[in-house]
Asks: 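Let me give you the structure first, and then I'll get to my questions.
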Amino acid sequence: SAARALREDAPTSPPAPAPKLVPPVKPKASAPDDRWAIALVVLIPIALTLWHLRYYFAPTGVRLRDPLHAMLKPSAGLGLQLGVVGFAFFLFMWLYPMRKQIKWLAWTGPLGEWMRVHVIAGIGLPLLLAVHAGWRFDGLIGMGYLSMVVVCLSGIVGRYLYVRIPRSRSGLELSIDEVSGERRALLTDIAVATGLPPAEVERALAIAPRSYAGLDPLRVLVRMAQDDIARGRALAALKREWSKPRPGVRPLDKKALDNALKLARHEMALNQQVRALEVTRKIFGYWHVAHRPFAITALIAVVVHVVVAIVIGGVALPGLH
């Protein structure tokens, strides 16, 4: 009984606190995915070409006698309609430079959205006009089409450089202080989403820096592509690591894991963009100098072609009307 009394009088230690569980963070709204729009503007002209492949790759004399000629020739039917749509696309693309230069047009939407539509239209336009022209490029329109293809290819490079300059949702370039603040916020969000200390998150996202100093423009582009590949591998390793169960932390479900990886991808991209910022700006300036003359050449050729077609009566490809 004495031993029992001593045990009852002895202070009892409080129960060990339960492990703190970190709830998953709701995913933030993602940027629009352009892949479906690009696939649409590319696949439609390709499908039309494959549908009437026999006509488009037939000699001129055979085309003239083909029953499809009345519908597919550039001056009538479907061929003419594709030309009108292509010309409207082409003029629309020139609204983007106006939006950049004229501040009053800010009410039409942010620069980033204009850039997205500009790029999508630029990728599909060469294919659309190729079907309109029956895949034949003679004379002035041939020179204009070649310039358009060069503009399209250079536009892909320009888009690659554009997205590597840190920008806000409105398309304006961010300052170094703004980028630093955004990176700190991303690290905090990732720490909350994964249940890891911010310092550990920062170490996990660190990639060995590679200098861009002294590289020519072509080697800079190659280095950027290599950094993109390295970032993809690092994210794959993070996905494996963060998918493992850890004591005291609730396992991440698929949505929470995807959100954490999305935040990590953004933070790592900002880190690499800051390191290459100066050289990216320099190459982007060179790109503008090379891109503009081809764009103007294509504009002049297309406008002349349309004016001649209207005045003379639809002359687009000699011998096919």
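The residues of the chain are indexed from 1 along the displayed sequence. Everything quoted here is computed from the prediction, not taken from an experiment.
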Asks: When rounded to the nearest 0.5 angstrom, what is the spacing between OH in Tyr162 and OG1 in Thr280?
Replies: 14.0 Å
Asks: Answer yes when Asp228 and Arg164 have at least one side-chain N-carboxylate O distance shorter than 4.0 Å, and no when they do not.
Replies: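 The answer is yes: the pair qualifies as a salt bridge.
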Asks: Who passes side chain to side chain contact (heavy atoms under 4.5 Å, CB included) against Arg292, sequence neighbours left out?
Replies: His288, Ile296
Asks: Please name all residues satisfying side chain to side chain contact (heavy atoms under 4.5 Å, CB included) with Leu153, sequence neighbours left out, ordered by chain then number.
Replies: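 If we apply the side chain to side chain contact (heavy atoms under 4.5 Å, CB included) test to Leu153, skipping adjacent residues, the hits are Val149.
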Asks: Give, for atom CH2 of Trp135 and atom CG of Leu72, the distance between the pair rounded to the nearest 0.5 Å.
Replies: 13.5 Å
Asks: Show, in sequence, the C-alpha distance, side-chain angles and deciding distance for Ile190 and Leu205, and conclude whether the side-chain contact (heavy atoms from CB on, under 4.5 Å) test is met.
Replies: CA-CA 10 Å; Ile190 296 170; Leu205 300 184; 3.7 Å; yes
Asks: Please name all residues satisfying side-chain hydrogen bond (donor to acceptor under 3.5 Å, both in side chains) with Asp227, sequence neighbours left out, ordered by chain then number.
Replies: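 Here the qualifying residues are Tyr212.
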Asks: Could you pull out all residues at least two apart from Ser154 that satisfy side-chain hydrogen bond (donor to acceptor under 3.5 Å, both in side chains)?
Replies: His291
Asks: Within the supplied structure, the quantity of interest is the number of heavy atoms (other residues, nucleotides, ligands) at a distance under 6.0 Å from Glu202 CD; does it exceed 12?
Replies: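 For Glu202, atom CD is not crowded (no more than 12 foreign heavy atoms under 6.0 Å).
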Asks: Would Ile156 end up clustered with Tyr286 when hydrophobic side chains under 4.5 Å apart are linked, directly or stepwise?
Replies: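 No, Ile156 does not connect to Tyr286 through the hydrophobic network.
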Asks: Side-chain contact, heavy-atom cut-off 4.5 Å: Leu128 with Val85?
Replies: yes
Asks: Is there a side-chain contact between Ser180 and Ile176 in this structure, where contact means two heavy atoms from C-beta onward sitting under 4.5 Å apart?
Replies: yes
Asks: Please report the C-alpha distance between Phe87 and Leu129 in whole Å, then the side-chain angles of each, then the deciding distance to 0.1 Å, and finally whether the side-chain contact (heavy atoms from CB on, under 4.5 Å) criterion is met.
Replies: CA-CA 8 Å; Phe87 185 60; Leu129 292 183; over 6 Å; no
Asks: Measure the shortest side-chain to side-chain distance between Val84 and Gln81 over non-hydrogen atoms and say whether it is less than 4.5 angstrom.
Replies: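 Not in contact.
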Asks: Does one hydrophobic cluster hold both Val306 and Phe89, with members joined at side-chain heavy-atom distances below 4.5 Å?
Replies: yes
Asks: At what distance, to the nearest 0.5 angstrom, does NZ of Lys262 lie from CG of Leu257?
Replies: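 Reported value, rounded in 0.5 Å steps: 11.5 Å.
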Asks: For Glu278, which residues count as a side-chain hydrogen bond (donor to acceptor under 3.5 Å, both in side chains) partner, sequence neighbours excluded?
Replies: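 So Glu278 forms a side-chain hydrogen bond (donor to acceptor under 3.5 Å, both in side chains) with Arg281.
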Asks: So with a 6.0 Å cut-off around NZ of Lys100, is the heavy-atom count from everything else above 12?
Replies: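 Atom NZ in Lys100 is packed in, count exceeds 12.
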Asks: Heavy atoms, side chains only, cut-off 4.5 Å: are Glu267 and Asp189 in contact?
Replies: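 Result no, sub-4.5 Å side-chain heavy-atom pair not found.
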Asks: Are Leu43 and Trp36 connected in the hydrophobic side-chain network, where two residues link if heavy atoms are under 4.5 Å apart?
Replies: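 No; tracing contacts between hydrophobic side chains, which count when under 4.5 Å, never links both residues.
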Asks: Side chains of Leu48 and Leu78: does their closest heavy-atom pair fall under 4.5 Å?
Replies: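 Side chain of Leu48 against side chain of Leu78, heavy atoms only: contact under 4.5 Å found.
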Asks: Identify, with sequence neighbours excluded, every residue that meets salt bridge (Lys or Arg N to Asp or Glu O under 4.0 Å) alongside Arg159.
Replies: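 Applying salt bridge (Lys or Arg N to Asp or Glu O under 4.0 Å) to Arg159 gives none.
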Asks: When rounded to the nearest 0.5 angstrom, what distance separates CG in Leu40 from CD1 in Ile120?
Replies: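 Here the rounded value is 10.0 Å.
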Asks: Can Leu53 be reached from Val62 by stepping across I, L, V, M, F, W or Y side chains whose heavy atoms are under 4.5 Å apart?
Replies: no
Asks: List for me each residue that meets salt bridge (Lys or Arg N to Asp or Glu O under 4.0 Å) alongside Arg223, sequence neighbours excluded, and say none if there are none.
Replies: none
Asks: Please confirm whether the backbone N or O of Gly79 pairs with a side-chain atom of His132, one donor and one acceptor, at under 3.5 Å?
Replies: yes
Asks: If you take all heavy atoms of Val131 and Pro45, which pair is closest and at what distance?
Replies: CG2-O, 3.6 Å
Asks: In the hydrophobic cluster built from side-chain contacts under 4.5 Å, what are the other members alongside Val150?
Replies: Val151, Phe294
Asks: So Asp216 and Arg219, do their side chains get closer than 4.5 Å, heavy atoms only?
Replies: yes
Asks: For the residue pair Tyr55 and Met71, establish whether any side-chain heavy-atom pair is separated by less than 4.5 Å.
Replies: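 No - every pair of side-chain heavy atoms lies 4.5 Å or more apart.
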Asks: Is the side chain of Arg63 donor-acceptor paired with the backbone N or O of Gly134 at a distance under 3.5 Å, no angle test?
Replies: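 Flag set: sc Arg63 to bb Gly134 pair under 3.5 Å.
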Asks: State, yes or no, whether a side-chain contact exists between Leu277 and Val179 at a heavy-atom distance under 4.5 Å.
Replies: no
Asks: Counting neighbours of CH2 on Trp51 that are heavy atoms of other residues, nucleotides or ligands and sit closer than 6.0 Å, is the number greater than 12?
Replies: no
Asks: Please step through side-chain contact (heavy atoms from CB on, under 4.5 Å) for the pair Lys282 and Trp287, ending with a clear verdict.
Replies: CA-CA 9 Å; Lys282 186 176 181 180; Trp287 174 84; over 6 Å; no
Asks: I need the Arg203 CZ to Leu196 CG distance, nearest 0.5 Å.
Replies: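 Atom-to-atom, Arg203:CZ and Leu196:CG are 10.0 Å apart.
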Asks: Can you name the residues that form a side chain to side chain contact (heavy atoms under 4.5 Å, CB included) with Glu178, not counting sequence neighbours?
Replies: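 Partners of Glu178 under the side chain to side chain contact (heavy atoms under 4.5 Å, CB included) test: Leu174, Ser175.
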Asks: Given Val119 and Met115, is the side-chain contact (heavy atoms from CB on, under 4.5 Å) satisfied, shown in steps?
Replies: CA-CA 6 Å; Val119 170; Met115 166 62 86; 3.5 Å; yes
Asks: Can you name the residues that form a side chain to side chain contact (heavy atoms under 4.5 Å, CB included) with Ala269, not counting sequence neighbours?
Replies: Arg231, Gln273
Asks: Find out if a path of hydrophobic residues (ILVMFWY) with successive side-chain heavy-atom gaps under 4.5 Å connects Val222 to Val157.
Replies: no
Asks: When rounded to the nearest 0.5 angstrom, what distance separates NE2 in His52 from CZ in Arg54?
Replies: 9.0 Å
Asks: Going by the rule side-chain hydrogen bond (donor to acceptor under 3.5 Å, both in side chains), which residues pair with Glu200 if we only count those two or more places apart in sequence or in a different chain?
Replies: none
Asks: For residues 109-131, which residue pairs pass the ring-ring contact (aromatic ring centres under 6.0 Å, His included) check, not counting sequence neighbours?
Replies: Phe92-Trp114, Tyr96-His118
